Every structure is written in structure tokens, then in C-alpha cells.
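Shown below is the structure under consideration.
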Amino acid sequence: MQLIINGEEREVRSQMLGELLKELDVSFPHFAVALNQQVVPRSKYDTTPVTEGDKLEIVHAVGGG
């Protein structure tokens, strides 16, 4: 299935957002996900489906000063 992840077209296997994050090896301690411009709460990752052509933005917090 083709998705657009952070502006790049990618081929993925996963059908659920939680599975997709594992497939992409997203393991930052603090990150957020927007699916089609809607922020998805962490508690809904495992129950949120992804479908062909969806747009995901995955961002992670970076500390510093």
C-alpha cells in the first residue's frame, strides 16, 4: 500500500497505525502523529486504520537550548 509519510511516498505493509509505527521503527520517546492533518492520540494508535493514499506526518520533540 502506498502512503505519503513526511512528504515522501512509501510502500508499507501495515494496515493499522500502531503496526505501521513499528514497521517504520519509530521509537522516539516523545513523538506525535497526524493522519490526514488530524492528530491521533497515542491511545488510538492500535485501533486507527491507515488506507491507500493516506498522508502521515510523524514529528518528534527535540530538547535543547
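Since we're looking at a predicted model, the values are computed, not measured. Here, residue 1 is the first one in the sequence, and each next residue gets the next number.
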Exercise. Between the main-chain N or O of Ile58 and the side-chain N or O of Asn6, is there a donor-acceptor pair closer than 3.5 Å?
Worked result: yes
Exercise. About how many Å separate CD of Glu57 and CZ of Phe31, when rounded to the nearest 0.5 Å?
Worked result: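 Interatomic distance, Phe31 CZ to Glu57 CD, rounded to 0.5 Å: 14.5 Å.
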Exercise. Is there a path of hydrophobic side-chain contacts, each under 4.5 Å between heavy atoms of I, L, V, M, F, W or Y residues, that connects Val26 with Ile4?
Worked result: no
For this session: Measure the CG-CG distance between Leu56 and Leu3 for me, rounded to the nearest 0.5 Å.
Result: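 Leu56 CG to Leu3 CG: 6.0 Å, rounded to 0.5 Å.
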For this session: May I ask you to decide if Met1's main-chain N or O and Glu11's side chain share a donor-acceptor pair within less than 3.5 Å?
Result: yes
Quick one: side chains of residues 14-24, donor-acceptor pairs under 3.5 Å with protein atoms, not counting sequence neighbours, listed by atom name and distance.
unit_1, atom_1, unit_2, atom_2, d
Ser14, OG, Glu19, O, 3.3
Ser14, OG, Glu23, OE1, 2.5
Glu23, OE1, Arg13, N, 3.3
Glu23, OE1, Ser14, N, 2.9
Glu23, OE2, Arg13, N, 3.1

Exercise. Considering residues, nucleotides and ligands other than Glu8, do more than 12 of their heavy atoms fall under 6.0 Å from its CD?
Worked result: no
For this session: Among Val12, Asn36, Ile5, find the residue that satisfies the side-chain contact (heavy atoms from CB on, under 4.5 Å) test when tested with Asp54.
Result: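 It is Asn36; the other options fail the test.
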Exercise. Judged by atom type as modelled, is there a donor-acceptor pair below 3.5 Å linking the side chain of Glu52 to the main-chain atoms of Gln2?
Worked result: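 Checking the backbone N and O of Gln2 against the side chain of Glu52, a donor-acceptor pair under 3.5 Å is found.
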Exercise. Same cluster or not: are Val33 and Val59 linked, directly or through other Ile, Leu, Val, Met, Phe, Trp or Tyr residues, by side-chain heavy atoms under 4.5 angstrom apart?
Worked result: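 Different hydrophobic clusters.
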Exercise. Are the ring centres of Phe28 and His60 closer than 6.0 Å?
Worked result: yes
